[in-house]
Visitor: 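One structure, as structure tokens, below. Some questions next.
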Amino acid sequence: MAKKYWLFKSEPEAYSIDNLAKERKVFWDGVRNYQARNFLRDEIKSGDQVLFYHSNTEPTGVFGICEVVKDGYPDHTAFDPESHHFDPKSNPQNPAWFMVDIKFVKKFSKPVTLDEIKSNAKLQNMKLLQRGSRLSIQPVTKEEFNVIVTSGK
DNA sequence: GCCAACGTTGGC
DNA sequence: GCCAACGTTGGC
């Protein structure tokens, strides 16, 4: 299966690229949106490449790259009443929520900011730019991925 | 901190 | 199944 490309959003206060650079690998838990869940469960596979996007910060933008190292599997934090990602609708027999593992690849020397993305003619179709787009996991095309990686360095 | 846009919930 | 109310997201 051909490699696919994604954009994962996170608030740096929740989990930042620097955290990932330190830990090297992490499970991407806590996604509680059905559209994003379907991507995690069905489409995101080991080897896929991911743009790491930070929202709610200054500036917002893509801060680096990571790589999927484990296909989708049940998000166990949904089973844990102690977790603030707990969801009583989910249980191990019939998990509602999924996650993947990602590993750190690189942090850009300079983030590719939302402003730069908005002003790049090649990136106008990105879901990120669609009005009110709140999806925390979005597919990106190989071309979009390459354009961003090239300008991020 | 504001607020528009969005997804989810729950009463009917 | 509709839709108002509510909570969350995320740019500014």
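Here is the naming used below: chain letters follow the sequence lines, and residue numbers restart at 1 for every chain.
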Visitor: Let me check something: any side-chain donor-acceptor pairs from residues 12-24 of chain A under 3.5 Å, sequence neighbours excluded? List them with distances.
Guide:
| from | atom 1 | to | atom 2 | distance (Å) |
| --- | --- | --- | --- | --- |
| A/Tyr15 | OH | A/Leu20 | N | 3.4 |
| A/Ser16 | OG | A/Asp18 | N | 3.2 |
| A/Ser16 | OG | A/Asn19 | N | 3.2 |
| A/Ser16 | OG | A/Asn19 | OD1 | 3.2 |
| A/Asp18 | OD1 | A/Lys107 | NZ | 2.9 |
| A/Asn19 | OD1 | A/Ser16 | N | 2.9 |
| A/Arg24 | NH1 | A/Ala21 | O | 2.8 |

Visitor: Identify, with sequence neighbours excluded, every residue that meets salt bridge (Lys or Arg N to Asp or Glu O under 4.0 Å) alongside A/Lys153.
Guide: none
Visitor: Could you name each residue pair satisfying ring-ring contact (aromatic ring centres under 6.0 Å, His included) that touches residues 27-50 of chain A, not counting sequence neighbours?
Guide: A/Trp6-A/Phe39, A/Phe8-A/Trp28, A/Phe27-A/His76, A/Trp28-A/Phe52, A/Tyr34-A/Trp97
Visitor: Taking atom CG of A/Leu51 and atom CZ of A/Phe145, what is their separation to the nearest 0.5 Å?
Guide: 5.0 Å
Visitor: Name every residue in residues 110-120 of chain A that has at least one heavy atom under 4.0 Å from any atom of DNA chain C, in order of residue number, or write none if there are no such residues.
Guide: A/Leu114, A/Lys118
Visitor: Carefully, step by step, assess A/Val69 and A/Ile102 under the rule side chain to side chain contact (heavy atoms under 4.5 Å, CB included).
Guide: CA-CA 5 Å; A/Val69 290; A/Ile102 57 171; 5.7 Å; no
Visitor: Determine, for A/Arg37 against A/Asp75, whether the closest basic-nitrogen to carboxylate-oxygen distance falls under 4.0 angstrom.
Guide: no
Visitor: With a strict under 4.0 Å distance from non-hydrogen atoms of chain A, what nucleotide opens and what nucleotide closes the contacted stretch of DNA chain B, reading 5' to 3'?
Guide: B/dA5 to B/dT9
Visitor: Under the salt bridge (Lys or Arg N to Asp or Glu O under 4.0 Å) test, which residues partner A/Lys110, sequence neighbours left out?
Guide: A/Glu116
Visitor: In sequence, state the C-alpha distance, the side-chain angles, and the governing distance for A/Lys122 and A/Glu144, and then conclude on side chain to side chain contact (heavy atoms under 4.5 Å, CB included).
Guide: CA-CA 7 Å; A/Lys122 293 186 183 131; A/Glu144 290 161 351; over 6 Å; no
Visitor: First locate atom NE2 of A/His85, then atom OG of A/Ser90, and finally report the distance between them rounded to the nearest 0.5 Å.
Guide: 13.0 Å
Visitor: Between residues 50-59 of chain A and DNA chain C, which residues have a heavy-atom gap below 4.0 Å?
Guide: A/Tyr53, A/Ser55, A/Asn56
Visitor: Quick one: list whatever passes side-chain contact (heavy atoms from CB on, under 4.5 Å) with A/Asn38, sequence neighbours left out.
Guide: A/Arg41, A/Asp42
Visitor: Quick check: does any side chain N or O of A/Ser151 sit under 3.5 Å from a backbone N or O of A/Val147, one acting as donor and the other as acceptor?
Guide: yes
Visitor: Just need the stems in DNA chain B: three or more back-to-back Watson-Crick or G-U pairs, each with both distances under 3.5 angstrom, sorted by first number.
Guide: B:1-12 with C:1-12
Visitor: How long is the span from the CE atom in A/Met99 to the CD1 atom in A/Ile44, to the nearest 0.5 Å?
Guide: 13.0 Å
Visitor: Return the CD to CG distance between A/Glu11 and A/Asn56, rounded to the nearest 0.5 Å.
Guide: 4.0 Å
Visitor: Which residue pairs satisfy the side chain to side chain donor-acceptor pair (under 3.5 Å) criterion with at least one member in residues 59-74 of chain A, sequence neighbours excluded?
Guide: A/Tyr73-A/Asp101
Visitor: I need the residues from residues 121-140 of chain A with at least one non-hydrogen atom less than 4.0 Å from DNA chain B; give them sorted by number, or say none.
Guide: A/Arg131, A/Gly132, A/Arg134
Visitor: Indicate every side-chain donor-acceptor pair of residues 124-137 of chain A with a distance under 3.5 Å to a residue at least two apart or in another chain.
Guide:
| from | atom 1 | to | atom 2 | distance (Å) |
| --- | --- | --- | --- | --- |
| A/Gln124 | NE2 | A/Lys118 | O | 2.8 |
| A/Gln124 | NE2 | A/Asn120 | O | 2.8 |
| A/Ser133 | OG | A/Lys127 | O | 3.1 |
| A/Ser133 | OG | A/Gln138 | NE2 | 3.2 |

